[in-house]
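Below you'll find the structure, written out as structure tokens, and then a few comments.
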Amino acid sequence: MAVEKTVSEAIHYRRSVRVFKNEAIDEEKVKQCLGLATLAATSSNMQLWEFYHIVDSDKIQKIAKASFDQNAAKTAKQLVIVVARKDLWRKRKEANITFLKTQFGDKKESEYSKREKFALNYYQKIIPTIYTDFWGILGRIKYLAFHCIGLFKPIYRQARQSDMRIVAHKSAALAAQNFMISMAAINYDTCPMEGFDSLRVKHIIGLPNGSEINMIIGCGIRDENGIYGERFRVPFDQVYFKL
């Protein structure tokens, strides 16, 4: 059995593999890597994500067709579809509140410490204020109000419906990266894809209207011709700034 790579080794090993070998990979190991994906950082611990592990060959073929027959989809042995679920914010909020109360111990709310009260207040009042919207109207009102307050003190300004979509997708992408690095650590390969017909893919796997596909990830073992070229990155000094 191959020794699992270190984090640095896995990061260097990971490439977007466009062609996979006709060689099976272990479903359970992929599932374990998805478990590690759920440990990623997530905004306000809201975990507005879902992961669809596609192992059925017929579904893989249908999704590949909806992904414009990309080789990374056509040759994948399994697929993972990372889904942003901003629409589940109320459910996730309540889950956080329930968890916090179990951590605070068996006592009355009047006995909570200042820190415990702040944590509950965050999920009971602040999260609903940020996430509640009505056809984008409330978001625009909050945006203007927060910017007015921001003239006098620091304040969170990204409160529009579009902003919260971005927040959900950022968290989903962080989880996706956790997954791909975890796969690389055990010598499995991946390819994140953004080119697909999202409506068709949602129909294939039965996603609700409120969900949004963040990316589709092809999974397998790299073919010798599966990486199309040397890795290119702009010079580090063009993206690194020390202040």
Side-chain angles (χ1 to χ4, degrees), residues 34 37-52 66 80-104 108-110 112-179 192-217:
L34 285 170
T38 67
L39 301 181
T42 169
S43 178
S44 298
N45 199 32
M46 290 291 279
Q47 303 169 56
L48 297 172
W49 53 39
E50 288 178 339
F51 308 93
Y52 291 79
V80 166
I81 301 179
V82 182
V83 179
R85 293 300 306 268
K86 184 178 76 70
D87 57 319
L88 295 181
W89 72 266
R90 291 180 178 84
K91 184 176 180 180
R92 299 289 193 263
K93 169 185 71 75
E94 291 302 324
N96 271 284
I97 291 171
T98 299
F99 173 76
L100 285 173
K101 288 182 176 180
T102 63
Q103 299 301 297
F104 296 163
K108 299 177 182 179
E109 291 195 17
S110 59
Y112 287 164
S113 68
K114 185 177 180 180
R115 182 176 180 180
E116 290 168 341
K117 289 177 181 178
F118 175 84
L120 278 180
N121 184 69
Y122 183 82
Y123 287 103
Q124 291 173 336
K125 296 181 180 179
I126 297 177
I127 287 295
T129 298
I130 295 173
Y131 277 90
T132 299
D133 208 335
F134 181 75
W135 297 102
I137 297 172
L138 290 178
R140 292 187 181 91
I141 294 172
K142 288 184 288 184
Y143 177 82
L144 292 172
F146 290 174
H147 272 264
C148 288
I149 296 171
L151 295 172
F152 306 99
K153 64 178 182 179
I155 191 168
Y156 186 75
R157 299 169 188 265
Q158 285 69 42
R160 293 170 295 185
Q161 194 173 54
S162 58
D163 294 323
M164 304 322 296
R165 285 184 63 241
I166 292 171
V167 167
H169 278 280
K170 284 193 293 185
S171 291
L174 287 171
Q177 184 71 353
N178 253 30
F179 170 70
M193 294 173 278
E194 293 183 295
F196 50 84
D197 185 324
S198 59
L199 290 179
R200 280 183 165 81
V201 176
K202 287 174 73 171
H203 177 72
I204 291 167
I205 63 175
L207 289 176
N209 290 332
S211 64
E212 294 186 338
I213 297 174
N214 179 263
M215 68 180 75
I216 298 175
I217 304 175

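All values reported here derive from a predicted model rather than from experimental measurement.
In terms of modelled atom types and a separation under 3.5 Å, the side chain of Asn214 and the main chain of Ala84 share no donor-acceptor contact. When atom types are taken as modelled, the side chain of Ser211 and the backbone of Leu207 share no donor-acceptor pair closer than 3.5 angstrom. With Asp163 contributing its side chain and Arg160 its backbone, the two residues share a donor-acceptor pair below 3.5 Å. At least one donor-acceptor pair under 3.5 Å links the side chain of Thr102 to the backbone N or O of Phe99. No donor-acceptor pair under 3.5 Å is formed between the side chain of Lys202 and the backbone N or O of Ile213. Panel note: side chain Ser171, backbone Ser43; a donor-acceptor pair is recorded below 3.5 Å. No donor-acceptor pair closer than 3.5 Å links the side chain of Asp197 to the backbone N or O of Ala66.
Atom CD of Gln103 has more than 12 neighbouring heavy atoms from other residues, nucleotides or ligands inside a 6.0 Å radius. Around NZ of Lys93, the count of heavy atoms belonging to other residues, nucleotides or ligands within 6.0 Å exceeds 12.
Applying the salt bridge (Lys or Arg N to Asp or Glu O under 4.0 Å) criterion to Lys91, with sequence neighbours excluded, gives no partner residue. Residues forming a side chain to side chain donor-acceptor pair (under 3.5 Å) with Gln47 (at least two apart in sequence, or on another chain): Asn45.
Of all non-hydrogen atoms in Lys117 and Ser110, the two that sit nearest each other are NZ-O, 4.3 Å. Between Ser113 and Glu116 the shortest heavy-atom distance is N-OE1, 2.8 Å. Of all heavy-atom pairs between Ile216 and Ile81, the closest is CG1-CG1, 4.1 Å. Ala37 and Trp49 get closest at one heavy-atom pair: O-CH2, 4.3 Å. Between Leu39 and Asn178, the closest heavy-atom pair is C-ND2, 3.9 Å. Taking each heavy atom of Ala175 and Ala40 in turn, the nearest pair found is CA-CB, 3.5 Å.
Atom-to-atom distance recorded for Asn96:CG and Lys101:NZ is 12.5 Å, nearest 0.5 angstrom. Note that the CZ atom of Arg165 and the CD atom of Gln161 stand 8.5 Å from one another [nearest 0.5 Å]. Note that CG of Leu199 is 9.0 Å distant from CG of Asn209, once rounded to the nearest 0.5 Å. A distance of 7.0 Å separates CG of Asn121 from CD of Gln124, quoted to the nearest 0.5 Å. Rounding to the nearest 0.5 Å gives a distance of 12.0 Å between NZ of Lys125 and CZ of Phe118. In this structure, the separation between NZ on Lys142 and OG1 on Thr129 is 7.0 Å, given to the nearest 0.5 Å.
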- Can you check side-chain contact (heavy atoms from CB on, under 4.5 Å) on Met46 and Tyr131, steps first, answer last? CA-CA 11 Å; Met46 290 291 279; Tyr131 277 90; 4.3 Å; yes
- Applying side-chain contact (heavy atoms from CB on, under 4.5 Å), run through Val83 and Phe51 and close with a yes or a no. CA-CA 6 Å; Val83 179; Phe51 308 93; over 6 Å; no
- Task: Apply side chain to side chain donor-acceptor pair (under 3.5 Å) to the pair Ser44 and Tyr123, showing each step before the final yes or no.
- Result: CA-CA 9 Å; Ser44 298; Tyr123 287 103; 5.7 Å; no
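Using bins of under 30°, 30° to 60° and over 60° for the plane-to-plane angle, the ring pair Phe104/Tyr112 lands in the perpendicular bin.
Residues Ile130 and Met164 have side chains in contact (heavy-atom distance under 4.5 Å, counting atoms from C-beta outward). A heavy-atom distance below 4.5 Å is found between the side chains of Trp89 and Leu48. With contacts defined as side-chain heavy-atom distances shorter than 4.5 Å, the pair Thr42/Leu174 does not qualify.
Here Glu212 does not pair with Lys86 in a salt bridge; the nearest charged N to carboxylate O distance is not below 4.0 Å.
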